J.: 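The structure under discussion is supplied below as structure tokens; questions concerning it will follow.
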Amino acid sequence: MTAQLLDGKLISEEIISAVRTRVDARVADGHRAPALAVVLVGDDPASAVYVRNKKKACERAGFRSISHELPSSLTEAELLALVERLNHDPEVDGILVQLPLPKQIDQERVIEAIDPRKDVDGFHPYNFGRLALRMPLLRPCTPYGVMVMLEKTGVDLVGKDAVVIGASNIVGRPAGLELLQARSTVTICHSRTVALADKVRAADVVVAGVGIPNFVKGDWIKPGAIVIDVGINRLPDGKLCGDVEFETARQRAGWITPVPGGVGPMTIAMLMQNTFDASVNLNP
Ligand code: GUN
């Protein structure tokens with residue numbers, strides 16, 4: 001069997017166009033366009049690329065993007081003051097602070113300072129708690145994108161065995177909660193998990209988000225399984241690759257996401273969706 005590809009670029013374009021249509025309708029009704037404040041601290045090259053892509057997506061969605069690019073020497077107090085200003089700015093609907101932050105800044109403190117209504121990353125304990133309690137509002141973008149891709153397969157997730165590899169706050173944990181909400185049987189694996197290969201071999205759905213190139217071997221994949229690769233790793237030759245051995249996995253899987261062009265664009269599309277939703281909630 002050769003897997004069907006889940007084209008994240010195509011699905012993300014559909015989502016952003018649908019948002020655009022709704023933005024245009026609201027603007028025609030006299031509302032202002034949604035506005036996303038994008039905060040980048042320091043000069044991490046990968047973060048700079050992500051932020052540039054987020055700003056480009058804002059243009060396609062018909063949003064205003066307000067950019068704050070700050071030096072790596074920024075203090076926590078200065079960043080908290082900016083967040084406070086954005087929280088109270090009636091022209092701002094969404095606040096995105098790109099992670100990671102420089103080491104002198106406590107990431108959790110900054111996330112918790114964001115008004116949950118403007119937390120379009122879905123990282124605030126309020127929004128995370130809402131997801132855990134089956135009352136999602138603003139959902140973390142990457143796992144949200146994973147769920148939209150899973151929906152596109154048409155496969156019923158109820159009762160399926162889902163294995164999530166990686167237990168990070170941004171990907172693994174919320175992906176586990178999303179899959180549980182979809183009524184799958186969820187196993188969240190991490191660096192201390194014993195017999196990982198056996199767990200993956202039993203999985204109908206595999207979500208990999210560990211950040212290690214080709215960590216998941218293709219021959220671990222159960223025939224027909226859905227494989228969602230969240231990893232975006234740069235190899236020494238400059239090429240991008242995921243956390244899953246793509247060529248061997250695609251020979252066994254029923255569905256698989258490519259890297260690049262899989263989950264990456266979906267994260268950005270869901271950020272646009274969240275910013276639109278935040279804007280509508282703040283300005284009904
Ligand atoms: N760094 C890596 N992924 C993300 C994300 O989804 N949002 C933010 N703000 N930072 C990130």
Side-chain angles (χ1 to χ4, degrees), residues 8 12 15-16 36-58 63 65-70 72 74 79-80 82-83 86-87 92-103 105-116 118-128 131 136 138-149 164 166-178 207-212 228-234 240 242-243 257 259-260 262-275 277-278:
S12 69
I15 290 168
I16 293 174
L36 175 65
V38 180
V39 180
L40 174 63
V41 186
D43 41 27
D44 177 57
S47 290
V49 172
Y50 294 142
V51 161
R52 184 158 11 103
N53 288 337
K54 288 169 185 177
K55 288 194 281 195
K56 276 198 231 158
C58 282
F63 298 175
S65 74
I66 305 150
S67 190
H68 292 268
E69 294 184 9
L70 302 157
S72 58
L74 192 80
L79 184 54
L80 290 171
L82 171 61
V83 166
L86 297 171
N87 281 344
V92 170
D93 302 303
I95 303 171
L96 179 127
V97 179
Q98 184 65 28
L99 304 178
L101 290 167
K103 60 182 180 320
I105 300 178
D106 180 343
Q107 206 154 280
E108 274 67 45
R109 213 156 162 189
V110 173
I111 291 169
E112 216 163 344
I114 296 171
D115 183 333
K118 297 189 178 186
D119 168 40
V120 287
D121 260 325
F123 293 165
H124 191 287
Y126 175 81
N127 284 313
F128 207 96
L131 176 62
L138 293 170
R139 299 156 64 182
C141 300
T142 299
Y144 189 4
V146 167
M147 297 314 289
V148 171
M149 291 182 116
V164 178
S168 69
N169 291 355
I170 295 183
V171 178
R173 277 165 207 261
L177 291 170
E178 286 280 2
V207 178
V210 281
I212 302 171
I228 309 283
D229 193 345
V230 182
I232 303 178
N233 309 294
R234 200 167 287 281
L240 291 177
D243 291 348
T257 61
V259 177
V263 177
M266 292 302 295
T267 296
I268 296 183
M270 302 334 290
L271 176 68
M272 299 300 110
Q273 182 69 58
N274 277 348
T275 304
D277 292 342

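Both counts, for ligands and for their atoms, begin at 1 and track the order of listing. Quantities reported herein were computed from a predicted structural model and do not represent experimental measurements.
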J.: In Å and rounded to the nearest 0.5 Å, what is the CG to CD1 distance from Asp119 to Ile111?
T.: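 Asp119 CG to Ile111 CD1: 8.0 Å, rounded to 0.5 Å.
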J.: Starting from atom 11 (C) of ligand 1, what is the nearest protein heavy atom, named by residue and atom, and what distance separates them?
T.: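 Looking at atom 11 (C) of ligand 1, the protein heavy atom closest to it is Gln98 NE2, 3.4 Å.
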J.: Students should be able to answer this: which protein heavy-atom is nearest to atom 7 (N) of ligand 1, and at what distance?
T.: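 Protein heavy atom at minimum distance: Asp121 OD1, 3.0 Å.
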J.: Out of Leu240, Asp243, Ile212, which one pairs with Asn233 under the side-chain contact (heavy atoms from CB on, under 4.5 Å) rule?
T.: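 Of all the options given, the one that passes is Asp243.
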J.: Kindly compute the distance separating CG (Leu36) from CG (Asp93), expressed to the nearest 0.5 Å.
T.: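 CG of Asp93 is found 9.0 Å from CG of Leu36.
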J.: Which value, rounded to the nearest 0.5 Å, describes the distance between Leu99 atom CG and Ser47 atom OG?
T.: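 With rounding to 0.5 Å, CG (Leu99) is 8.0 Å from OG (Ser47).
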J.: Run the numbers for me: atoms of ligand 1, each under 4.0 Å from some heavy atom of Phe123, listed by number.
T.: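 Here the atoms of ligand 1 in question are 5 (C), 6 (O), 7 (N), 8 (C).
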J.: In a check of side-chain contact (heavy atoms from CB on, under 4.5 Å) between Leu138 and each of Asp121, Thr275, Leu131, Asn274, which one passes?
T.: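 It is Asn274, the one option of Asp121, Thr275, Leu131, Asn274 that forms the side-chain contact (heavy atoms from CB on, under 4.5 Å) with Leu138.
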J.: Return the CZ to CG distance between Arg52 and Leu40, rounded to the nearest 0.5 Å.
T.: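 If I round to the nearest 0.5 Å, the distance is 11.0 Å.
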J.: Return yes or no for this condition: an N or O of Pro100 is under 3.5 Å from an N or O of ligand 1.
T.: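 No, no N or O pair falls under 3.5 Å.
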J.: Please state which part of Lys54 comes within less than 4.0 Å of ligand 1, counting heavy atoms only: side chain, backbone, both or neither.
T.: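 The answer is the side chain.
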J.: For atom 10 (N) of ligand 1, find the nearest protein heavy atom and state the residue, atom name and distance (0.1 Å precision).
T.: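 Result for atom 10 (N) of ligand 1: Leu99 N, 3.0 Å.
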J.: Just to be sure I read this right, does ligand 1 sit under 4.0 Å from the backbone of Leu271, its side chain, both, or neither, counting only heavy atoms?
T.: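 No part of Leu271 comes within reach of ligand 1.
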J.: Under 3.5 Å, N or O to N or O, is Leu96 touching ligand 1 that way?
T.: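 No; the residue has no nitrogen or oxygen that sits under 3.5 Å from a nitrogen or oxygen of the ligand.
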